[in-house]
Number of protein chains: 4
Amino acid sequence: MCRWLAYSGTPLTLEELLYTGDHSLIDQSLHSRFGAEPTNGDGFGVGWYDEDGMPGVFRSIEPAWNDANLREISPHIRSGRVLAHIRAAIGSPVQQTNCHPFRYEKWLFMHNGFLGGFHDVKRDLMLEIDPTLFAKIQGSADTEVLFHLALTYGLEDDPVQAMERAVGFVEAVGHKHGIEFPIQMSVAVSDGDRLWGFRYASDGAARTLFFSSPVPDLRRRYPDNPLFQRVGDESRLVVSEPLGDVAGVWNMVPESSYGIVQDGPDVLRPFTPTPPKGRATKRKPAAAGATT
Amino acid sequence: MCRWLAYSGTPLTLEELLYTGDHSLIDQSLHSRFGAEPTNGDGFGVGWYDEDGMPGVFRSIEPAWNDANLREISPHIRSGRVLAHIRAAIGSPVQQTNCHPFRYEKWLFMHNGFLGGFHDVKRDLMLEIDPTLFAKIQGSADTEVLFHLALTYGLEDDPVQAMERAVGFVEAVGHKHGIEFPIQMSVAVSDGDRLWGFRYASDGAARTLFFSSPVPDLRRRYPDNPLFQRVGDESRLVVSEPLGDVAGVWNMVPESSYGIVQDGPDVLRPFTPTPPKGRATKRKPAAAGATT
Amino acid sequence: MCRWLAYSGTPLTLEELLYTGDHSLIDQSLHSRFGAEPTNGDGFGVGWYDEDGMPGVFRSIEPAWNDANLREISPHIRSGRVLAHIRAAIGSPVQQTNCHPFRYEKWLFMHNGFLGGFHDVKRDLMLEIDPTLFAKIQGSADTEVLFHLALTYGLEDDPVQAMERAVGFVEAVGHKHGIEFPIQMSVAVSDGDRLWGFRYASDGAARTLFFSSPVPDLRRRYPDNPLFQRVGDESRLVVSEPLGDVAGVWNMVPESSYGIVQDGPDVLRPFTPTPPKGRATKRKPAAAGATT
Amino acid sequence: MCRWLAYSGTPLTLEELLYTGDHSLIDQSLHSRFGAEPTNGDGFGVGWYDEDGMPGVFRSIEPAWNDANLREISPHIRSGRVLAHIRAAIGSPVQQTNCHPFRYEKWLFMHNGFLGGFHDVKRDLMLEIDPTLFAKIQGSADTEVLFHLALTYGLEDDPVQAMERAVGFVEAVGHKHGIEFPIQMSVAVSDGDRLWGFRYASDGAARTLFFSSPVPDLRRRYPDNPLFQRVGDESRLVVSEPLGDVAGVWNMVPESSYGIVQDGPDVLRPFTPTPPKGRATKRKPAAAGATT
């Protein structure tokens with residue numbers, strides 16, 4: 001099982017985000033080596049947005065806890081939008097091009113979960129991808145296909161609608177191939193400005209997804225925590241699993257829901273896959289909608 | 001530019017085939033580091049057939065000259081059918097799944113050259129691939145697509161006819177996309193029994209391809225060469241570039257030709273791409289022809 | 001914690017030894033990813049002896065369960081003497097030159113455990129190493145130093161005596177530096193003919209070490225097990241931890257003991273570190289003793 | 001042959017320093033793949049100083065031109081003191097711990113050249129290293145030993161004097177072992193404030209070393225060059241080989257010389273190895289001098 005963390009808020013170094021604390025993301029993968037939890041030792045990746053709004057991505061096939069370069073660069077990169085992912089490979093090869101987050105222009109995308117029966121449905125899913133995006137797929141992981149489906153359905157214009165159509169399409173194709181539960185996911189998406197988190201599974205038992213409580217509440221509750229004092233009111237973590245077990249910090253996103261972390265009030269709403277009703281083309285979701 | 005070597009004959013160790021001599025394949029890539037020739041430092045692979053006729057494949061993204069494991073295992077693996085490839089990446093990522101030789105069941109396939117405008121034609125080429133083969137593609141290299149096209153067209157039944165159709169299809173798709181010269185190749189294919197070498201380019205100036213002279217001739221010419229004394233009469237090397245400049249050893253395959261190394265007399269014949277005449281399905285090339 | 005397996009007996013493929021069965025070495029490291037056991041994801045190595053008695057070594061910094069090349073070559077390498085090791089790094093970098101087994105000429109050496117306070121004692125230990133061996137050390141792991149100490153003390157002539165002196169020296173140096181428990185080990189050593197297993201720790205609670213029961217007994221007990229029928233009477237596994245929990249297969253080596261697997265009766269005897277009595281030189285342990 | 005670049009001046013991104021221009025360091029290693037020059041494909045490293053004066057180091061065993069992560073992070077790291085090195089391995093294994101620059105606290109060190117007969121002299125050189133530094137050596141490269149010798153002789157207090165003693169010691173030990181020319185080097189050293197470049201070889205024909213002309217001169221000569229307009233007057237590059245062949249940019253450091261790039265006037269002076277006159281200890285160069 002993969003794990004991921006997405007951060008939006010006061011700029012912090014990658015070191016502060018990934019290594020600090022008893023329950024950091026790296027720390028968890030370290031502990032999982034020696035403890036009772038599953039291990040995530042099949043590569044990792046971290047994406048971050050610079051001041052100019054463009055994302056960098058560092059991906060490696062080493063276990064995260066072994067990567068000397070990740071540790072080296074982490075104090076030197078500071079960002080207010082970070083997506084980090086530790087991978088447990090399911091089926092596809094351990095190679096950099098299969099590591100999350102995936103990137104398309106200013107968009108980053110990462111995923112915990114899988115597409116059911118991917119080997120059987122891969123061709124049908126790939127054919128749906130916008131021809132201009134097709135050759136941009138460099139790896140063989142199901143998540144990269146899901147990302148490009150969402151791009152095909154207009155992720156850049158309306159991420160929620162695009163994800164609902166992508167998931168709806170994956171379910172339709174899966175069912176056509178006799179796959180009972182075609183998708184299982186907690187997904188993070190960002191364009192550098194906003195951060196979307198999606199939780200959904202065809203069987204109604206989705207991978208977990210949590211968001212941190214408002215910083216002002218955390219400050220009141222933990223007046224001695226230096227990090228809570230330091231980051232701004234709008235700072236927020238979204239994680240596939242809680243980091244640490246500090247009371248009052250983590251709130252579970254309900255099944256079949258999505259959230260948006262953004263300037264101003266964040267939102268949490270239901271997520272409903274849209275069954276395909278016709279052939280859509282990228283960046284013209286309105287036209288596609290008109291076919292209904 | 002990639003380099004490759006294919007051997008068929010008396011079983012030799014990988015060490016004898018890859019490292020021995022002043023002009024071995026590894027030695028050439030080593031020399032090319034310090035000399036005037038192009039370097040091939042973007043990974044390598046070697047495939048070999050066991051006594052049971054099944055191929056093993058060892059692939060690495062390190063430069064061949066650096067790989068301690070290749071050097072270690074090479075004296076311990078002995079085979080009468082070996083395909084070895086050193087890669088200079090053009091466009092696609094340096095990852096194991098892009099290293100040659102590619103394998104499908106008992107078939108191995110490797111290539112020096114490229115598909116022109118691959119980014120533009122990739123989708124059309126992938127759609128032609130037999131749906132049952134589609135999800136077996138793990139990397140992003142043009143050669144893997146060419147291999148799966150040939151499999152789609154019946155490589156397992158009739159390699160020459162399948163390659164002629166695959167190349168004909170690549171040229172037709174390329175021309176449709178305005179690519180003047182869609183393919184450039186010297187290719188080696190084997191099923192463990194026989195070895196096929198193909199030389200062809202759309203522009204009529206294909207990558208070179210050479211085969212070694214008959215061993216009895218070499219023995220007469222070089223009575224002191226221990227290797228020539230030791231290997232059987234039928235042993236033969238097929239290479240993308242001559243190993244060493246020993247007179248009388250290397251014979252160039254003409255443009256637009258293919259050769260077969262096999263029990264009994266080897267053959268050398270013209271290679272003529274077959275333009276597509278309709279939708280073909282794997283292993284039923286006759287039916288496809290009937291649609292015209 | 002590292003794990004290792006040493007095999008002596010009827011030649012088997014690496015695949016049979018490492019991958020076959022519900023409790024193979026690779027399988028254990030795979031299960032440990034998803035179960036409650038510690039993970040060993042910091043590289044691995046396997047050494048084997050050919051018919052000519054020389055060892056090959058394949059080492060990798062990938063987790064063993066991810067290495068495509070190990071899986072590929074394993075059905076193609078057959079040997080009657082195999083040492084395999086899966087590493088959990090303690091302190092020293094994850095790099096090929098720190099992976100076990102280590103090799104010197106025809107000798108292989110691997111270790112589960114550690115030298116206490118290695119950072120503090122390393123220099124003193126290195127100075128004791130025979131000057132002609134000094135520059136052969138390529139990595140930074142404690143085990144490589146222990147191996148070269150044993151070579152210095154005559155491992156090639158008398159492995160038990162050499163190991164007793166090496167461990168005695170490590171303990172003396174450690175105590176000089178205030179380290180209470182200078183060594184913790186289960187070690188396997190082979191020259192291709194015989195296989196030595198050592199179990200010892202300064203604190204009297206050494207890493208475990210097991211050997212398999214005589215094959216004739218196993219055949220009687222498990223008449224349906226095809227492997228037990230197939231391997232010869234003298235075949236034996238020595239392991240750091242039992243593979244599987246089949247009753248009657250595994251016998252624990254007592255604390256402070258060593259065993260020898262060899263043609264004819266195997267032996268199991270006490271292991272007693274020899275405190276240093278003076279400066280010894282390689283291959284002349286008698287002279288060193290004479291200085292007392 | 002290795003290549004390196006050291007920069008001191010107005011903060012630039014690693015991308016500007018390593019990738020920009022027709023003759024960047026990466027570009028040169030790329031071109032050397034396809035041209036007539038030697039290739040440097042055995043790993044690379046880059047070290048840089050942050051605003052807080054501490055160095056980060058990114059090292060990789062991939063050829064520099066292949067490393068996707070180096071390319072990714074390079075636009076995101078900005079520094080006014082950068083050391084970058086591309087390696088051609090001579091003898092020692094290709095592993096991260098053998099890649100330059102080496103680091104000790106705030107010091108970075110990189111080297112083009114070699115220690116003659118390193119295998120023979122390694123032990124004597126290692127014994128001279130300060131015992132508290134001994135265990136910090138993690139790789140097996142000659143340069144790491146040279147660096148730790150210089151640290152032993154007081155690099156942190158007086159880099160020039162320490163390098164003169166280190167080189168003098170290497171020459172004395174080499175001569176004792178019958179090595180005619182014990183050292184060949186162009187070396188860059190920095191503490192984040194200043195940058196030292198050393199050029200010396202025992203045979204009087206040292207690896208080349210160049211420094212860039214004063215920026216005001218370059219601006220006058222190339223008024224249209226945007227980089228020269230943008231960087232401050234004190235900015236300077238020191239390189240093992242000229243980047244590009246722009247007239248008036250590069251000035252060769254004479255044989256047996258060193259230079260210092262610093263605030264205020266830079267200096268260029270003769271470099272004279274100091275033969276060893278007695279046992280020195282780290283950080284007490286004065287005491288050692290007193291023994292003369």
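These numbers come from a predicted model, not from an experiment.
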Report yes if some heavy atom in the side chain of A:W48 is under 4.5 Å from a heavy atom in the side chain of D:I73; otherwise report no.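 They are in side-chain contact.
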If I take atom CG from residue D:D50 and atom NE2 from residue A:H76, how far apart are they, to the nearest 0.5 angstrom?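 Going from the CG atom of D:D50 to the NE2 atom of A:H76 covers 4.5 Å.
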Going by the rule side chain to side chain donor-acceptor pair (under 3.5 Å), which residues pair with A:R81 if we only count those two or more places apart in sequence or in a different chain?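 Side chain to side chain donor-acceptor pair (under 3.5 Å) check on A:R81 returns A:S8.
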How would you list, by chain and number, every residue that makes a salt bridge (charged side-chain N to carboxylate O under 4.0 Å, His left out) with D:D266, sequence neighbours excluded?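 Here the qualifying residues are D:R236.
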Under 3.5 Å, is there a donor-acceptor pair between the side chain of D:N69 and the main chain of A:R59?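 Yes, the answer is positive, given that a donor and an acceptor are paired below the 3.5 Å cut-off.
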Closest non-hydrogen atom pair, D:Q96 against A:A68: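 So the minimum-distance heavy-atom pair works out to OE1-CB, 3.6 Å.
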Given A:E72 and D:R103, is the side chain to side chain contact (heavy atoms under 4.5 Å, CB included) satisfied, shown in steps? CA-CA 12 Å; A:E72 277 293 332; D:R103 176 179 55 191; 2.3 Å; yes
